[in-house]
Amino acid sequence: MKLSKILSVLTLITGAIAISITSIWIGKQAYSWLPPQAAAESHLIDDLISFLVTLGAFIFLGVTSTLMYSVIFHRAEKGDLSDGPHIEGNVTLEVVWTAIPIMLVLWIAGYSSQVYEQMGIQGPTQLVHLHNPVGMESAYAAPQEGVMSEPVEKIDVIAKQWAWVFHYPEKDVTSTELHLPSDRRVRLALQSEDVLHGFYIPAFRLKQDIIPNHTIDFEFTPIRQGQYHLTDSQYSGTYFATMQANVVVESDEDYHKWLAKIATHKLSPANNQAASEYAKAANEPVKNGWDTVVPAAPPLVNYSG
């Protein structure tokens, strides 16, 4: 083997190793781009994102490095205006560069599907089985090791244009702020009173479609105390941007103290930005824009946050 070929092979191997190490490092950095992992299921999504970033970085660096190497070491000499060598198609090369992307796509699809199943997100797929004899299980998200797998807290979640309402059967109280016990399995019964909504908490990496006229059970385990943000991931009308709520994760003791405290509160209308903005627009002498759906009346709750 000629020395030039040996050097080319060594360069290729060294470059591949360097690109692989750099890609893995970039993939690890992806974890820092995301919110703190506030639920036991968060790592499933974070691992998937890190994998995709690593793979994308490897492809990007590989293509860019090849182009740079060609530009630097295989440039035509100054004044050389001749055509390049005529190269016929290479069947082996074409098969390889077709097979590799196919295998990568299948790998990504398989991994993503596995995460999807582990997260237990049902969404509209539950409707497919409504009239099917095959039994439908609840949307169980993967529990954290060492944490109770049985649901210990059941909360009803009602979505409507445009408000979130949370009902706690244990004390028969309602709130527009979602409180959850830390390190305890939670089961949410998701319901919509009007249109399609999306239950989405970025810090939990959880997104679940809520379908009108159906109840979808969804489970997960909060593991990090603090205040987080719930938003509607589906466009549900004019004021859907106002459909937001705070999510408070606290110790089991503080959670039950909070429940006992708000159980003493009388029901009262909660502040509702959508209803306020609609009322303000309706009272203006000049009508601007299109007609919109009338927001639901402000919900009656024991606690509005």
Side-chain angles (χ1 to χ4, degrees), residues 6-74 90 92-123 125 139-147 198-209 218-224 226 228-231 233-234 247 249:
I6 295 176
L7 291 176
S8 297
V9 172
L10 290 176
T11 300
L12 179 63
I13 294 174
T14 303
I17 293 174
I19 290 173
S20 298
I21 293 174
T22 304
S23 300
I24 293 173
W25 179 82
I26 293 175
K28 295 295 184 183
Q29 303 311 303
Y31 288 101
S32 64
W33 305 342
L34 303 168
Q37 295 182 351
E41 298 73 26
S42 302
H43 74 92
L44 296 172
I45 297 297
D46 290 4
D47 291 346
L48 175 60
I49 291 176
S50 177
F51 165 74
L52 294 176
V53 171
T54 299
L55 186 58
F58 181 84
I59 295 173
F60 173 78
L61 293 175
V63 172
T64 304
S65 299
T66 301
L67 291 174
M68 294 300 297
Y69 178 83
S70 300
V71 169
I72 295 173
F73 297 103
H74 295 280
N90 187 314
T92 301
L93 181 60
E94 292 176 1
V95 169
V96 170
W97 74 34
T98 301
I100 290 177
I102 291 175
M103 296 303 295
L104 287 177
V105 170
L106 293 176
W107 188 11
I108 294 172
Y111 186 11
S112 301
S113 177
Q114 182 182 11
V115 171
Y116 187 86
E117 290 181 0
Q118 287 179 299
M119 293 293 289
I121 298 173
Q122 288 178 298
T125 58
Y140 290 98
Q144 185 185 35
E145 290 186 13
V147 177
F199 182 88
Y200 178 44
I201 306 177
F204 293 178
R205 315 295 194 270
L206 299 175
K207 189 179 97 64
Q208 173 63 54
D209 292 341
F218 189 58
E219 295 182 16
F220 58 92
T221 307
I223 58 173
R224 185 187 181 99
Y228 305 99
H229 191 66
L230 165 65
T231 187
S233 61
Q234 303 288 348
V247 179
V249 179

Does [X] use its side chain to pair, donor to acceptor, with the backbone of [Y] at less than 3.5 Å?
X: Ser65; Y: Gly62; value: no
X: Ser113; Y: Gly110; value: no
X: Ser20; Y: Ala16; value: yes
X: Arg205; Y: Ala203; value: yes
X: Ser50; Y: Asp46; value: no
X: Ser23; Y: Phe58; value: yes

Flag if over 12 foreign heavy atoms under 6.0 Å of CZ, Phe60: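 It does not: Phe60 CZ has 12 such atoms or fewer within range.
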Within the 4.5 Å heavy-atom criterion, are [X] and [Y] side-chain neighbours or not?
X: Ile26; Y: Leu61; value: yes
X: Lys207; Y: Gln234; value: yes
X: Ile17; Y: Ile13; value: yes

side-chain contact (heavy atoms from CB on, under 4.5 Å) assessment of Asn90 paired with Trp97: CA-CA 11 Å; Asn90 187 314; Trp97 74 34; over 6 Å; no
By side chain to side chain donor-acceptor pair (under 3.5 Å) - contacts of Tyr69 (at least two apart):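 Once residues adjacent in sequence are excluded, Tyr69 has no partner under the side chain to side chain donor-acceptor pair (under 3.5 Å) criterion.
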Residue pairs fulfilling ring-ring contact (aromatic ring centres under 6.0 Å, His included) with at least one residue in residues 11-42, sequence neighbours excluded: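 Output for this query is empty, none listed.
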In Å and rounded to the nearest 0.5 Å, what is the [atom1] to [atom2] distance from [X] to [Y]?
X: Thr64; Y: Ile19; atom1: OG1; atom2: CD1; result: 8.5 Å
X: Leu230; Y: Phe199; atom1: CG; atom2: CZ; result: 5.0 Å
X: Leu48; Y: Gln118; atom1: CG; atom2: CD; result: 10.5 Å
X: Phe218; Y: Leu206; atom1: CZ; atom2: CG; result: 4.5 Å
X: Thr11; Y: Ile6; atom1: OG1; atom2: CD1; result: 11.5 Å

Minimum-distance pair of heavy atoms, taken over all atoms of Ile45 and Val115: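 Closest pair (atom of Ile45, atom of Val115, distance): CD1-CG1, 3.8 Å.
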Ser42 to Phe204 - nearest heavy-atom pair and separation: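 Heavy atoms of Ser42 and Phe204 come nearest at OG-O, 3.5 Å.
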Those residues that, when tested against Ile108, pass side-chain contact (heavy atoms from CB on, under 4.5 Å) (two or more places apart):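 Expected list: Phe51, Leu52, Leu55, Ser112.
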